[in-house]
Amino acid sequence: MSINLFDLTGKVALITGGTHGLGQAMAIGLGKAGATLIINGASSQEKLDNAVAEYKSLGLSAHGYLFDVTDEAQVIKNISNIEKEVGVIDILVNNAGIIKRTPLEEMEVADFEQVLKVDLVSPFIVSKHVVKGMITRKEGKIINICSMMSELGRNTVGAYAAAKGGLKMLTRNMATEWAKHNIQINGIGPGYFATSQTAPIRVDGHPFNDFIVGRTPAGRWGDPDDLQGAAVFLSSKASNFVNGQIIYVDGGILATIGKPSNED
Ligand code: GCO
């Protein structure tokens, strides 16, 4: 009799910012492992409905909830509706995020604050309200989507780096406070992935594009599906004693100082 440590059958997973990109790829992975998907979007009902239809076309069980993850009242109302209408939330993936690429000395305070609000404060707000049920049930999984910028700086993305660096430490402190309730809180740190968010810097001939391909030992941009394994692992029994860790899925970027262009 084989036990599948990665089976998510019967589990309900909430993915914030799950209508596209990395959020969508990770959600598909969780859905294929058996989870019922709660897809959060914030931009439009139409975009959310189209995304949910796409999940269903893949044979996955998916429900869409349109709410702003930075608005605590909306978060409280929607979590209560989700748990009444679909079921208790067993897995939370805090994926919703924005980036603004502006040199720090030129960045407006409002823009800096907006990046922190979405990328750092919203994972706190959503987790604070989802974890209450997990504490009562004495089980749960929370995954915070970090970044290379949780470890490294880069020109023009200072606010994003501050938020993602903070999210790494928020992940560790959530583990410190909630692991005793048999809740596992970990992070995934994507490297450079082919998404709409990186499209402006991933143009053929764009110096950053060549730089990243050379800087990444795997020699390529990540494919969003490359995140599915880590997402399923951190959502499943297989990670029941893994806590406060950040799994960097980056093709080796953080493992190396890089190499000059004349070296293979
Ligand atoms: C950038 C990129 C990064 C990546 C990712 C790297 O401008 O440097 O958009 O932020 O998206 O976060 O881990």
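One-based numbering, in listed order, for ligands and for the atoms of each.
Close contacts between ligand 1 and I201 involve ligand atoms 1 (C), 2 (C), 7 (O) [criterion: under 4.0 Å to a heavy atom]. Heavy-atom contacts of S147 reach the following atoms of ligand 1: 5 (C), 6 (C), 12 (O), 13 (O) (cutoff under 4.0 Å). The contact set between ligand 1 and T198, taken as ligand atoms under 4.0 Å from a residue heavy atom, comprises 9 (O), 11 (O). Atoms of ligand 1 lying under 4.0 Å from any heavy atom of R154, numbered from 1 in the order shown and given with element: 1 (C), 7 (O), 8 (O). Atoms of ligand 1 found under 4.0 Å from any heavy atom of P190 (numbered from 1 in listed order, with element): 6 (C), 13 (O).
We find that K100 and E108 are not joined by a salt bridge, their nearest charged nitrogen and carboxylate oxygen being 4.0 Å or further apart. Under a 4.0 Å N-O distance rule, the pair K32/D225 does not qualify as a salt bridge.
Hydrophobic cluster membership differs between V69 and V93, with clusters built from Ile, Leu, Val, Met, Phe, Trp and Tyr side chains linked at under 4.5 angstrom. Both L14 and V86 belong to a common hydrophobic cluster when Ile, Leu, Val, Met, Phe, Trp and Tyr are linked at side-chain heavy-atom distances under 4.5 angstrom.
Heavy atoms of D250 found under 4.0 angstrom from ligand 1: none, in either backbone or side chain. Only the side chain of Y160 comes within 4.0 Å of ligand 1, counting heavy atoms alone; its backbone N, CA, C and O stay farther away.
Some N or O of M148 is nearer than 3.5 Å to an N or O of ligand 1, by distance alone. Ligand 1 has no nitrogen or oxygen under 3.5 angstrom from a nitrogen or oxygen of V157.
Scanning the protein for heavy atoms near atom 3 (C) of ligand 1, the closest one is Y192 CE2, 3.6 Å. Given atom 6 (C) of ligand 1, the protein heavy atom at minimum distance is G191 O, 3.3 Å. The single protein non-hydrogen atom nearest to atom 11 (O) of ligand 1 is Q197 OE1, 2.6 Å, given as residue, atom name and distance.
To the nearest 0.5 Å, the span separating OG1 on T195 from CZ on R202 amounts to 6.0 Å. In this structure, M26 CE and I143 CD1 are separated by 8.0 Å, a value rounded to the nearest 0.5 Å.
Classification of the F208-F211 ring pair by plane angle, with boundaries at 30° and 60°, yields tilted.
At least one donor-acceptor pair under 3.5 Å links the side chain of T16 to the backbone N or O of N95.
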